[in-house]
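Sequence lines set the chain letters: A, B, ... in the order given, protein chains first and strands last, and positions in each chain run from 1.
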Amino acid sequence: MTLLTDVFDDPAPRARGGIDPALLEGLNERQREAVEYRGRALLIVAGAGSGKTSVLTRRIAGLLSSREAWPSQILAITFTNKAAAEMRERVEHLVGGAADGMWISTFHSACVRILRRQAEAMGLKAGFTIYDAADSRALVKRIIRDADLDSFGFTPGGVLSRISKLKNELTDLESFARNVDSTDARELGFLEIYRRYTEALRRANALDFDDIIGETVYLFRAFPEVAALYQRRFRHVLVDEYQDTNHAQYALIRELVRPVDADVADAVEAKQGWAPALRAPDGSIPGASLTVVGDSDQSIYAFRGADIRNIVEFEQDFPEAHVILLEQNYRSTQRILDAANAVIANNFDRKAKRLFTTSGSGEPIVGYTGYSGHDEAQFVADEIESLRDAGMDYSQIAVFVRTNAQTRPLEEVFIREGVPYRLVGGTRFYERAEVKDAFAYLTLVANPDDDLALRRIINVPKRGIGDATVAALQARADRVGVPLREVLREPEELGLGPKLQAAIRELDVLLDEGTRMAADRPPHEVLMHVLTASGYHAVLKASRDPQDEARAENLDELVSQAKEFRNQYPEATLIDYLTSVALFAAADELDAAEDATGNAAGGARGKVTIMTLHTAKGLEYDAVFITGVEEELLPHRMSLLEPGGIAEERRLFYVGITRARKRLYLSLATSRASFGDVSVAMPSRFLSEIPGDLIEWRGDRRSQGGWSGGGGFRSLGDRGAPRRPAIGASASGRTSGRDPAKPKTEWRTPIGAVRDNGDLKLAVGDRIRHTDFGEGRVANVIENGPRTVAEVEFDGGARKRLLVKVAPIEKL
DNA sequence: CCGTGCAAAAAACTT
DNA sequence: TTTTGCACGG
């Protein structure tokens with residue numbers, strides 16, 4: 001996020017040099033054209049790895065260095081905050097630091113910024129809360145219960161996805177209500193929930209994710225003079241990942257690049273006291289120039305309302321648009337591109353586009369079929385170790401999964417094998433209950449109208465304010481017509497016991513203190529105060545439940561992250577902090593953590609990254625493992641029913657393949673644990689779309705030659721036969737049936753301290769016993785504090801790297 | 001009002 | 001397999 005002062009009225013710079021030749025250096029002809037072209041609308045169709053970020057940053061740098069635009073006249077939209085930060089950095093580097101005032105941000109960050117400034121126009125207060133998916137869910141859940149509508153079988157998930165779709169299509173409550181089928185009781189039930197949800201958000205002074213975009217569009221449409229501020233200011237709008245924009249985002253862009261009518265322009269300039277902007281002959285301010293970059297083959301967010309037509313029909317939308325195709329790939333080997341091209345060619349309704357490279361065919365793609373998720377994970381771990389032995393850094397290796405559930409076996413095996421890894425996304429830090437509790441306090445301090453936040457913490461830590469009391473408070477709030485927060489100010493009004501009154505008064509005082517602090521103290525101090533004064537932190541610390549200990553530590557971690565934020569943005573207010581957290585994306589944690597390891601002194605060796613295919617978009621790695629390439633997983637079973645679902649899954653697979661620079665591994669398992677029991681899996685149809693000679697199948701049973709023709713899959717009948725894992729694995733029998741003697745806990749959670757050998761010290765020559773591998777001799781010890789790794793030669797012949805602290809081993 | 005214990009439900013992807 | 005919701009006794 002950016003917290004720079006906005007410059008709304010800079011006259012356009014005069015001097016126009018050409019584009020600095022240095023900015024064009026090393027670009028191919030198409031890329032050069034994309035940097036240099038000037039006109040109303042430009043579509044850059046950028047295939048994977050075609051250097052689009054480079055083109056985009058140089059295009060911006062060109063606008064600045066030729067003095068065609070001030071930084072403040074540029075708005076660049078990226079998909080993640082991380083991409084925004086990266087782009088800013090690269091532009092600053094190119095132009096030598098003169099990028100202040102430029103807006104480079106995500107759709108959501110940009111819109112929140114606009115809405116906070118113009119909140120009153122929309123009937124909001126500037127301190128509005130942003131509800132994340134979990135908040136919305138909790139709210140809808142309560143509404144369904146309160147409205148006695150559960151008989152229709154409404155589920156929070158179903159209701160929310162429908163509301164989200166409506167909002168992404170800019171169908172607000174009123175227009176939906178107008179068109180609702182009033183003979184359909186279930187439809188009316190849904191309408192009632194939608195209505196209550198909308199009202200609850202409004203009363204709580206809150207917006208959900210979809211509102212952030214939609215309300216901005218409504219703002220611009222309802223208040224042309226407000227829109228004009230931004231239309232007049234931004235002369236160059238650039239949008240990355242255009243194929244993933246939904247209708248609301250599309251509408252927003254259209255509003256932003258719309259010309260300003262003469263009378264509106266006059267009015268705004270008079271009101272603000274600005275000098276007239278450059279006008280067209282008819283007195284209007286011409287619309288901004290628009291550059292969009294995207295690749296319809298990488299559109300993977302249809303489930304979130306992304307409309308591929310936005311990019312496909314760009315030329316109809318903007319008849320004067322110029323289109324540039326970037327097909328030369330600078331990332332992957334030809335073999336990887338061949339596989340990618342072959343797969344995506346099966347999507348029939350796409351414009352022909354073929355990626356090519358001049359950098360050689362490279363290594364074969366490696367395939368592997370495991371017996372289970374664990375076996376597959378073992379293969380991945382073994383291959384990672386041999387890549388490392390061949391000199392590849394862990395940080396250059398990524399493992400992709402379709403669903404977060406797949407990460408478990410990977411983590412378990414990686415921990416056991418001592419493969420350092422980092423999980424991106426998954427159960428996120430900011431989703432943990434205690435962290436959300438802490439944020440509920442802060443939210444309430446910033447936005448007293450937020451009943452949901454108050455309900456969350458009114459009895460956390462335990463204050464003796466139970467359901468009955470909350471109901472009484474709520475009843476009074478409803479009667480008087482004030483937020484719940486207001487009722488806390490007069491507990492004596494309710495005839496409660498003295499203990500309860502005291503508890504309520506204490507909470508009331510605490511929240512007021514927080515609000516007072518927030519006015520002139522940094523966010524982390526407010527955070528520390530509410531955590532301490534509420535006793536929340538102390539209660540967790542004092543608990544004898546080991547999980548509470550971890551929770552207390554998470555709160556400590558939260559405080560230090562808040563301090564970190566303070567260092568990065570010294571001027572930031574509490575609301576800025578809450579906004580930044582609310583809009584933090586999974587992909588954003590990538591670089592933060594990477595910096596942390598990368599900067600570590602003394603040759604710290606980076607980590608393998610595990611993430612979903614969705615999160616992987618836009619990234620690249622030397623070696624990529626795509627796991628779970630199975631029917632019903634990739635393509636996911638939920639996609640089979642939706643029209644276009646398979647095509648989207650195929651694009652997802654395509655995105656995964658094209659992340660790889662040098663090595664690509666495709667793996668699957670013939671059975672996979674889900675929900676507790678085991679289900680059988682078939683190889684993905686996508687595998688048969690890759691020419692057989694591109695893949696080298698590993699493992700004993702693959703000698704028959706893979707299933708490039710679609711056949712060759714092992715029948716279910718021989719699944720029970722005990723087999724050896726193929727690659728450098730031990731003979732533990734891990735893959736065919738579990739060893740009942742093995743204690744289960746040792747497979748368990750990487751985060752919690754389930755297995756902990758404390759400060760067990762091993763030296764070369766020590767004998768140890770491992771639960772899976774049996775006895776062995778320590779051959780080497782790599783000291784690294786708590787991450788000390790021992791290399792052990794097991795008597796069975798296998799040689800393993802083990803993380804001493806957590807490996808299921810004992811010293812003999 | 002709080003803690004315990006059992007039954008039931010739940011997991012695609014994400015701003 | 002893990003998390004959540006509800007009934008019960010204190």
Side-chain angles (χ1 to χ4, degrees), chain A residues 77-84 105-112 130-134 136 138 141 145 155-157 160-161 164 167-168 207-214 241 244-246 248-249 299-306 400-409 412 424-428 431 433 459 461-470 497 499-500 503 543 545 547 579-588 611-617 628 632-642 645 648-649 651-652 655-656 672-678 744-745 747-749 752:
Chain A
I77 302 284
T78 58
F79 207 67
T80 63
N81 296 295
K82 181 203 167 216
S105 70
T106 63
F107 272 108
H108 288 82
S109 299
C111 287
V112 167
I130 298 164
Y131 279 8
D132 67 16
S136 300
K141 212 169 185 175
R145 217 188 9 236
T155 60
L160 271 174
S161 82
S164 172
K167 290 187 176 181
N168 287 332
L207 297 178
D208 66 19
F209 276 128
D210 301 313
D211 287 333
I212 290 171
I213 312 293
E241 306 286 6
D244 283 322
T245 50
N246 60 34
Q249 292 165 332
S299 167
I300 55 175
Y301 283 102
F303 70 90
R304 200 171 80 184
F400 299 158
V401 294
R402 177 63 181 86
T403 71
N404 282 307
Q406 287 168 256
T407 59
R408 169 149 299 187
E412 287 166 355
V424 178
T427 335
R428 306 229 280 275
E431 286 167 11
N459 202 27
K462 299 264 182 290
R463 311 186 159 86
I465 306 177
D467 289 348
T469 312
V470 174
K499 257 197 176 142
L500 268 174
S543 160
D545 182 346
Q547 290 206 8
T579 303
S580 129
V581 170
L583 299 181
F584 198 79
D588 295 335
M611 69 185 118
T612 66
L613 284 162
H614 282 88
T615 308
K617 193 180 68 164
E632 308 216 318
L633 194 54
L634 183 64
H636 196 274
R637 75 177 64 78
M638 302 296 281
S639 73
L640 301 175
L641 308 168
E642 294 160 22
E648 172 143 327
E649 296 286 308
R651 290 193 291 269
L652 192 55
V655 165
R672 204 167 277 281
S674 69
F675 274 103
D677 53 18
V678 179
K744 265 163 106 184
T745 46
W747 286 97
R748 299 262 294 255
T749 53

Could you tell me whether [X] contacts a base, only the sugar-phosphate backbone, or nothing, with contacts defined as non-hydrogen atoms closer than 4.0 Å?
| X | result |
| --- | --- |
| N459(A) | sugar-phosphate |
| Q406(A) | nothing |
| A468(A) | sugar-phosphate |
| R637(A) | nothing |

- Query: Under 3.5 Å, is there a donor-acceptor pair between the side chain of E241(A) and the main chain of T78(A)?
  - Reply: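 Not at all, since once roles are kept as given, no pair shorter than 3.5 Å links the two residues.
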[N] phosphate, OP1 or OP2: any side-chain N/O from [X] under 4.0 angstrom?
| X | N | answer |
| --- | --- | --- |
| T615(A) | dC13(B) | no |
| S639(A) | dC13(B) | no |
| R304(A) | dA12(B) | no |
| N404(A) | dC13(B) | yes |
| K141(A) | dG5(C) | yes |
| T612(A) | dT14(B) | yes |

- Ring-ring centroid check F303(A) H636(A), cutoff 6.0 Å: no
- Task: Report yes or no: is the ring centroid of Y301(A) under 5.5 Å from the six-membered base ring centroid of dC13(B), with the two planes under 30 degrees?
- Result: no
- Query: What about E642(A): does its side chain form a donor-acceptor pair under 3.5 Å with the base of dA12(B)?
  - Reply: yes
- Message: Under a plain distance cut-off of 3.5 Å, with no hydrogens placed, do S109(A) and N81(A) share a side-chain donor-acceptor pair?
- Response: yes
- Between S136(A) and D208(A), is any side-chain donor less than 3.5 angstrom from a side-chain acceptor?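 No - no donor-acceptor pair under 3.5 Å links their side chains.
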- Message: Please pick, from dA12(B), dC2(B), dT14(B), the nucleotide with the shortest atom-to-atom distance to any side-chain atom of K462(A).
- Response: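 Nucleotide nearest to K462(A)'s side chain: dC2(B).
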- Message: Which nucleotide wins on minimum distance to the side chain of H614(A), given the candidates dT14(B), dT2(C), dT15(B)?
- Response: dT14(B)
- Message: Is there a ring-ring contact (aromatic ring centres under 6.0 Å, His included) between F107(A) and F209(A)? Walk through the geometry before answering.
- Response: CA-CA 11 Å; F107(A) 272 108; F209(A) 276 128; over 10 Å; no
- Query: Mind checking who dT2(C) pairs with, Watson-Crick or G-U wobble, both distances under 3.5 Å?
  - Reply: dA9(B)
